[in-house]
Amino acid sequence: MPLTEVRYRGTIENLRRDIQALDVDAVLLLDTHNVVYASGFFHSPNERPIGLLVPVNGPPRLLVPLLEKEHAEDNWVGHVQTYDEFPGTEHPVLWMIRTSGYRRIAVDTLETRLFMAASELVDSLVLTDCVERLRYIKTDAELALVRAAARYADMVLEAILHESGNIIRRGGTEIDILAAGLTHAQAAMKRELGPAFGPTKCGLVGTVHTGVRASLPHGKTLPRTPVFGEPMIAGIGASVGGYHAESGVTFAIGGITDDQRPCFEAAIACDAAGRAALVPGASCQGVNEAALQPIRRAGLSSFLRHRIGHGMGVQGHEAPWLAPGDDTPVQVGMVFSNEPGIYRPGLDGYRTISTMIVGSDGVEVPSRFQAEHPLEKRVISL
């Protein structure tokens with residue numbers, strides 16, 4: 001089920017606890033994803049700012065443009081204030097701060113050009129990342145949505161595995177292959193989730209790219225027919241109730257060649273090494289380093305192009321990062337991607353993607369496609 005009012009109220013209380021340490025009277029959330037995380041007010045971001053004001057004492061308020069009034073009033077927060085339009089005679093963010101009634105206030109993000117003007121309206125203006133840090137650890141209800149999202153991402157890969165051979169034989173393209181996978185899983189999502197998820201964010205995105213363009217980490221899906229002997233990278237992202245997961249794999253079209261096998265196997269070994277290293281207390285950058293060692297030991301270091309993974313939650317990519325420079329300690333309840341990639345310029349590429357949930361007794365992998373389809377079952381028969 002979607003997250004409930006009880007969960008959002010609990011988040012507001014946790015936020016109040018954290019902002020008291022900042023010696024302020026309230027926090028104004030302006031980042032779209034932070035607003036969604038703390039209130040469940042799903043909306044389409046545009047130039048008109050939307051804010052969530054959370055006082056240390058007193059009810060939270062949604063601060064929205066007039067055109068969002070009824071939409072905001074449907075949210076559990078209940079207390080809604082509106083401004084007429086953007087940019088307005090007074091910038092909406094300055095209006096939010098002025099009408100808040102608080103003289104000591106924290107904000108989660110603020111443009112430099114507005115910071116000085118906002119500072120003149122209050123006694124103390126503090127920038128804080130406390131909401132981002134709250135988002136690191138997912139509750140059981142949030143993890144249930146991540147698991148559901150991972151299952152739908154896997155559905156896309158299942159359809160791609162079973163349909164790609166027929167599509168390629170008919171002269172179909174990467175676009176056709178991706179569309180077949182997405183259509184299959186989208187139908188299941190619509191059938192299974194029902195109207196309760198209507199106000200939330202639910203959806204699927206993905207890419208399929210083959211041949212030489214598989215050497216591009218972010219290859220574009222094109223109207224190109226894959227060719228026998230090529231690898232085909234399929235990367236899928238899914239969201240359910242506003243929470244994200246990923247699943248991805250590299251398929252072999254027609255069979256696995258002797259030249260390709262070391263790359264396939266190194267990526268698989270990296271996936272396993274990432275899971276083994278992701279233990280509570282480890283540093284995120286340490287997990288990244290340990291996870292990439294199989295690629296280096298295989299002599300493929302020159303084909304590395306990116307970190308092993310990133311956090312996931314209300315954003316598909318969010319902190320903390322399994323990457324150099326992030327020494328955040330791993331904690332139970334964190335969610336990460338695990339996506340080793342090997343990219344041989346001008347030749348081909350190999351990447352797998354799984355979703356990892358940190359548990360007290362090991363890593364849970366809700367994206368099951370790789371576990372249920374070992375390497376020899378990732379072959380597209382023509």
Side-chain angles (χ1 to χ4, degrees), residues 156-157 160-161 164-165 167-168 172-175 177-178 181 205-237 246-275 277 287-310 317 321-324 336-354 367 369-370 373-382:
V156 179
L157 297 179
I160 287 174
L161 175 62
S164 292
I167 292 172
I168 294 170
T173 68
E174 295 171 358
I175 291 176
I177 291 169
L178 179 60
V205 295
T207 59
V208 167
H209 53 295
T210 58
V212 173
R213 286 180 308 100
S215 65
L216 304 175
H218 287 164
K220 185 178 179 180
T221 305
L222 296 180
R224 175 188 184 272
T225 301
V227 175
F228 183 93
E230 293 181 339
M232 179 172 75
I233 296 177
I236 309 301
E246 295 181 4
S247 189
V249 74
T250 301
F251 296 101
I253 301 176
I256 302 170
T257 68
D258 291 342
D259 176 58
Q260 294 170 344
R261 187 171 292 276
C263 297
F264 275 110
E265 291 178 345
I268 291 170
C270 275
D271 179 78
R275 294 195 307 273
V287 174
N288 176 74
E289 182 61 27
L292 294 178
Q293 284 306 309
I295 289 179
R296 296 192 171 101
R297 287 196 295 268
L300 300 170
S301 297
S302 60
F303 304 129
L304 285 170
R305 298 286 296 275
H306 57 71
R307 65 196 175 208
I308 198 67
H310 52 79
H317 286 216
W321 316 97
L322 298 181
F336 294 99
S337 70
N338 184 357
E339 41 191 306
I342 298 164
Y343 308 98
R344 304 195 290 184
L347 185 59
D348 57 22
Y350 305 81
R351 184 173 70 240
T352 62
I353 311 173
S354 61
S367 44
F369 186 87
Q370 290 185 67
H373 299 81
L375 180 55
E376 302 304 327
K377 291 186 177 182
R378 301 177 195 175
V379 175
I380 305 295
S381 299
L382 298 181

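In what follows, every heavy atom counts, from backbone to side chain, and hydrogens, waters and symmetry copies are set aside. Counting begins at 1 with the first residue of the sequence.
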Ile253 CD1 to Ile168 CD1 distance, which is reported to the nearest 0.5 Å: 4.5 Å
The test is side-chain contact (heavy atoms from CB on, under 4.5 Å); show your working for Val208 and Ile160 and say whether it passes. CA-CA 10 Å; Val208 167; Ile160 287 174; 4.1 Å; yes
Are the side chains of Val379 and Phe251 in touch, meaning some heavy atoms are under 4.5 Å apart? no
Check whether Arg344 reaches the backbone of Phe303 with its side chain - one donor and one acceptor, N or O, closer than 3.5 Å. no
For a quick test of reading the model, state the closest non-hydrogen atom pair linking Gln260 to Gly255 and the distance between them. OE1-O, 3.7 Å
Taking every non-hydrogen atom, the tightest pair across Ser247 and Leu157: OG-CD1, 3.3 Å
Quick check: do Thr210 and Pro231 have side-chain heavy atoms less than 4.5 Å from each other? no
Please name the pair of heavy atoms, one in Leu304 and one in Gly341, separated by the smallest distance, quoted to 0.1 Å. CD2-O, 3.7 Å
Once side-chain contact (heavy atoms from CB on, under 4.5 Å) is applied, do any residues pair with Arg261, and if so which ones, sequence neighbours excluded? Ile256, Glu265, Leu375, Glu376
With sequence neighbours excluded, what pairs up with Glu174 under the salt bridge (charged side-chain N to carboxylate O under 4.0 Å, His left out) test? Arg213
For His209, what residues pass the ring-ring contact (aromatic ring centres under 6.0 Å, His included) criterion, not counting sequence neighbours? none
Here the pair of heavy atoms bringing Gly172 nearest to Pro226 is O-CD, 3.9 Å
Considering residues at least two apart in sequence or located in another chain, which fulfil the salt bridge (charged side-chain N to carboxylate O under 4.0 Å, His left out) criterion with Arg378? none
Are the side chain of Asp348 and the backbone N or O of Val212 linked by a donor-acceptor pair below 3.5 Å? no
Rounded to the nearest 0.5 Å, how far does CG of Leu292 lie from CD1 of Ile308? 4.5 Å
Let me confirm one number: the CG-CG distance from Leu347 to Asp259, rounded to the nearest 0.5 Å. 6.5 Å
Ala290: side-chain contact (heavy atoms from CB on, under 4.5 Å) partners, not counting sequence neighbours: Ala277
Once you round to the nearest 0.5 Å, how far does OH of Tyr343 lie from CG of Leu300? 13.0 Å
Shortest non-hydrogen separation from Gly349 to Thr250 and the atoms involved: O-CG2, 4.1 Å
Set of salt bridge (charged side-chain N to carboxylate O under 4.0 Å, His left out) partners for Arg296, sequence neighbours left out: Glu289
Let's go through Ser164 and Met232 carefully: what are the C-alpha distance in whole Å and the side-chain angles of both, what is the deciding distance for side-chain contact (heavy atoms from CB on, under 4.5 Å) to 0.1 Å, and is it a yes or a no? CA-CA 10 Å; Ser164 292; Met232 179 172 75; 3.7 Å; yes
CD1 (Ile353) and CZ (Phe369) are apart, to the nearest 0.5 Å, by 12.0 Å
Looking at residues at least two apart in the chain, or sitting in another chain, which of them share a side chain to side chain donor-acceptor pair (under 3.5 Å) with Ser337? His310, Glu339
For Phe264, the ring-ring contact (aromatic ring centres under 6.0 Å, His included) test, sequence neighbours excluded, returns Tyr350
Just to verify, what does Arg305 make a salt bridge (charged side-chain N to carboxylate O under 4.0 Å, His left out) with, not counting sequence neighbours? none
Which residues share a side-chain contact (heavy atoms from CB on, under 4.5 Å) with Lys220, sequence neighbours left out: Leu222
To the nearest 0.5 Å, what is the distance between CD1 (Ile177) and CD1 (Ile380)? 7.5 Å
Listed partners of Val227 passing side-chain contact (heavy atoms from CB on, under 4.5 Å), at least two apart: Arg224, Glu230
Thr207 and Thr221 have their tightest heavy-atom pair at CA-OG1, 3.3 Å
For Arg307, what residues pass the side chain to side chain donor-acceptor pair (under 3.5 Å) criterion, not counting sequence neighbours? none
Are the side chain of Asn338 and the backbone N or O of Asp271 linked by a donor-acceptor pair below 3.5 Å? yes
